[in-house]
Amino acid sequence: VQLQAFGGGLVQPGGSLRLSCKASGMVFSRSTMAWYRQAPGKQRELVANITSSGTTNYADSVKGRFTISRDNARRTVHLEMTSLSPEDTAVYYCSTNYGRTYWGQGTLVTVSS
C-alpha cells in the first residue's frame with residue numbers, strides 16, 4: 001500500500017487549499033480513508049474520514065470549513081479546506097487501515113500572513 005499526499009503550501013488566513021492523496025496497492029473503493037494532522041509540539045489528530053459508502057466524519061475544529069471527498073475511479077481522496085486559520089498549520093497525513101494502518105508521507109500546510 002502506498003499513499004501519496006500533495007497539495008500543501010503557504011496560504012493566508014481566511015484562504016483555501018485542497019489536499020489530495022492518491023492510493024495504490026489496495027482495494028481503494030472498499031477502504032475508509034482519513035486525513036490526520038500534526039501541528040508542531042502536538043499529537044497527531046484525526047481531521048476527517050470517509051467510509052467506502054461515502055459517510056463522512058469531522059473533527060469539531062474543522063466542521064463547516066473542511067470537506068472530505070473521494071474519487072474511487074482515480075483512487076484519490078481529497079480534503080477541501082476553507083476559512084483557514086493559523087491554528088490549521090500542520091503536516092497533514094492521509095491514512096487508511098488495510099490490514100494495518102498505513103500513512104502517506106505528509107504534506108505541510110502553513111497558514112500565515
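Here, residue 1 is the first one in the sequence, and each next residue gets the next number.
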Can a donor-acceptor pair be found, under 3.5 Å and without considering hydrogens, that links the side chain of [X] to the backbone of [Y]?
| X | Y | value |
| --- | --- | --- |
| S95 | Y102 | yes |
| T107 | G8 | yes |
| R65 | S83 | yes |
| T76 | N72 | no |
| Q4 | G104 | no |
| R75 | M26 | yes |

**Report entry** Geometric cation-pi criterion R74 and F28, 6.0 Å radius, 45° cone
**Finding:**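 That pair does not qualify as a cation-pi contact.
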Query - Stacked cation flag R100 on Y98, 6.0 angstrom / 45 deg - result: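 Verdict for Y98: no cation-pi partner in R100.
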Hydrophobic clustering (ILVMFWY, side-chain heavy atoms < 4.5 Å, transitive) - are [Y] and [X] grouped together?
| X | Y | answer |
| --- | --- | --- |
| V109 | Y93 | no |
| W103 | I68 | no |
| M81 | V91 | no |
| M33 | V27 | yes |
| I50 | L17 | yes |

Say whether [X] and [Y], considering side chains only, have a donor N or O and an acceptor N or O under 3.5 Å apart.
| X | Y | result |
| --- | --- | --- |
| Y92 | R37 | yes |
| T51 | S53 | yes |
| H78 | S69 | no |

Roughly how far, to the nearest 0.5 Å, is [atom2] of [Y] from [atom1] of [X]?
| X | Y | atom1 | atom2 | answer |
| --- | --- | --- | --- | --- |
| K63 | T56 | NZ | OG1 | 9.5 Å |
| D71 | K22 | CG | NZ | 8.5 Å |
| S61 | E87 | OG | CD | 10.0 Å |

**Report entry** More than 12 heavy atoms of other groups within 6.0 Å of Q38 CD
**Finding:**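 Yes - once you tally the heavy atoms of other residues, nucleotides and ligands closer than 6.0 Å, there are more than 12.
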**Report entry** Closest approach of P13 to S112 (non-hydrogen atoms, all atoms of both residues)
**Finding:**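 Here P13 and S112 meet closest at CD-C, 3.6 Å.
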Query raised in the report: Under the criterion side chain to side chain contact (heavy atoms under 4.5 Å, CB included), which of L3, V77, N49, T32 is the partner of T96?
Result: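 The residue from L3, V77, N49, T32 that satisfies side chain to side chain contact (heavy atoms under 4.5 Å, CB included) with T96 turns out to be L3.
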Report task. Only pairs at least two apart or in different chains count here, so list each disulfide (SG to SG under 2.5 Å) that has a residue in residues 21-113. Result ->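 Sorted pair list: C21-C94.
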Report task. Please lay out, stage by stage, how L46 and W35 fare under the test side-chain contact (heavy atoms from CB on, under 4.5 Å). Result -> CA-CA 6 Å; L46 176 68; W35 285 98; over 6 Å; no
Query raised in the report: Should F66 and T82 count as side-chain neighbours, where that means a heavy-atom distance under 4.5 Å?
Result: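 Not touching, per the 4.5 Å side-chain cut-off.
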